[in-house]
Amino acid sequence: MKRKVTKAVFPVAGLGTRFLPATKAIPKEIMTLVDRPLIQYAIDEARAAGIKEFIFVTSRGKSALEDYFDHAPELESSLRKKGKTELLETLKTTNMDSGAIAYIRQHKALGLGHAVWCARRLIAPNEPFAVMLPDDVIAGEKPCLQQMTEAYEETGGCMVAAMEVPKDKVKSYGVLDVSEDMGHMVKVRGMVEKPAPEDAPSNLAVIGRYILTPDVLSNLNKKKSGAGGEIQLTDAIAQEIREERGVYGFRFQGQRFDCGSKAGFLQATVAFGMSRDDLKDEFTQYLHEAVAMSKAAQ
Ligand code: UTP
């Protein structure tokens, strides 16, 4: 029986330069899809997968993120007085049990691998943990991390969420070299961070959901910088394969939006707007009109 995954690390210390000037004052993870910040989608997904402890790797300028998870007594009492029970229920999803959340600082944005390494003292020996990047938002019937934790109970080792991308896009991702394809899952024999299309071993790209063993943290201890001069998580996971421990790619069910990019964020806004019962009629009608107007203007 594999150990259950109950802890997740959220690396949120990046500079978010693709969203400047907004991210000069607002953490990227607080930007909202419809009416919920990106981080809330990640927290809901983590909770659905059985995560009980939440570790945020933050940096300067991220205090709005910390405040977001606090109780807001004045707001709550005002809503209570006005009988706004539905909104009060919504607010509850933003609260964390005492001691369930921890913040660790990454003093310098040295890369995703370094951000995860910053959380090393909060992970026990032999304790598997999840890593979730909140700017990857995944819509689907069963939340992505839950699909992964269920599959992980069979495999153990390390697992990364994977999806097929067009060959000309591989240079934006970590890419898997597959030794065995089992359909919804692949066994990995190598990983390359941001390869040129002609050097990519496949078009199966890693996206922001991982289940890792503490061995990966030991690999990160060596702290060698990789592609782009950053300390890469991919390199530390690839080290596991060299040491003959299992690494799996998991083809999840669902639609992934890259909310770290402007185009991806807009696509997610449209998709989530269209899927909301309270908005879909008005919003979908507007979209039809907007598309028709734009076609007519061409
Ligand atoms: P990105 O590659 O999207 O970088 O990081 P970024 O800084 O957030 O955004 P851009 O590219 O400048 O627009 C992927 C994830 O890794 C975290 C980010 O916060 C994001 O969740 N990260 C990245 C860190 O926590 N620390 C780092 O040093 C780098």
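Predicted model only: the values in this text are computed from it and were never measured. This chain uses plain numbering: 1 for the first residue, then up along the sequence. Numbering of ligands and ligand atoms starts at 1, following listing order.
Closest to atom 16 (O) of ligand 1 among all protein heavy atoms lies Leu112 CD1, 3.7 Å. Of the protein's heavy atoms, Leu15 N, 2.8 Å lies nearest to atom 7 (O) of ligand 1. Of the protein's heavy atoms, Pro11 O, 3.5 Å lies nearest to atom 17 (C) of ligand 1. Among all protein heavy atoms, the one lying closest to atom 19 (O) of ligand 1 is Gly14 N, 2.9 Å. What sits closest to atom 26 (N) of ligand 1 on the protein, heavy atoms only, is Gln106 OE1, 2.7 Å. Protein heavy atom closest to atom 1 (P) of ligand 1, with residue, atom name and distance, is Arg18 NH2, 3.9 Å. In terms of protein heavy-atom proximity, atom 8 (O) of ligand 1 is closest to Lys28 NZ, 2.7 Å. What sits closest to atom 28 (O) of ligand 1 on the protein, heavy atoms only, is Gly111 N, 2.7 Å.
When non-hydrogen atoms are compared, ligand 1 lies under 4.0 Å from neither the backbone nor the side chain of His114. Of all the heavy atoms of Ala115, the ones lying under 4.0 Å from any atom of ligand 1 belong exclusively to the side chain. Heavy atoms from both the backbone and the side chain of Thr17 come within less than 4.0 Å of ligand 1.
The number of heavy atoms from other shown groups lying within 6.0 Å of CG (Asp67) is above 12. For CD of Glu74, the number of neighbouring non-hydrogen atoms (other residues, nucleotides, ligands) closer than 6.0 Å is 12 at most. Counted within 6.0 Å of CG on Asp278, heavy atoms from surrounding residues, nucleotides or ligands total more than 12; the atom is thus considered enclosed.
A search for side chain to side chain donor-acceptor pair (under 3.5 Å) contacts involving Glu127 returns Lys7, not counting sequence neighbours. Listed by chain and residue number, Phe19 satisfy the ring-ring contact (aromatic ring centres under 6.0 Å, His included) test with Phe265 (two or more places apart in sequence, or in another chain).
Residue Ala109 approaches ligand 1 through these ligand atoms, each under 4.0 Å from one of its heavy atoms: 28 (O). Which parts of ligand 1 touch Asp135 is read off a 4.0 Å heavy-atom cut-off, strictly below it: atoms 3 (O), 20 (C), 21 (O).
No close placement of the Phe129 and Tyr210 rings is indicated, their centers lying 6.0 Å or farther apart. Ring centers of Tyr41 and Phe272: under 6.0 Å apart, within the cut-off.
Between Tyr286 and Phe283, the angle of the ring planes stays under 30°, which puts this pair in the parallel group of the 30/60° scheme. Aromatic ring pairs are classed by plane angle as parallel below 30°, tilted from 30° to 60° and perpendicular above 60°; the pair His184 and Phe250 is perpendicular.
Residues Asp44 and Gln40 have side chains that bring a donor and an acceptor to within less than 3.5 angstrom of each other.
Taking only nitrogen or oxygen atoms, main chain and side chain alike, Leu133 does not reach within less than 3.5 Å of ligand 1. Polar contact with ligand 1: absent for Val57 (N/O pair, distance under 3.5 Å). Among the atoms of Leu110, some N or O lies under 3.5 angstrom from an N or O of ligand 1.
In this structure, Gly260 has no heavy atom closer than 4.0 Å to ligand 1.
Protein heavy atoms are absent from the space less than 4.0 angstrom from atom 5 (O) of ligand 1.
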Could you walk me through whether Asp136 and Arg209 satisfy the salt bridge (Lys or Arg N to Asp or Glu O under 4.0 Å) test, starting with their C-alpha distance in whole Å, then the side-chain angles of each, then the deciding distance to 0.1 Å, before giving a yes or no?
CA-CA 8 Å; Asp136 274 332; Arg209 301 288 182 273; 5.2 Å; no

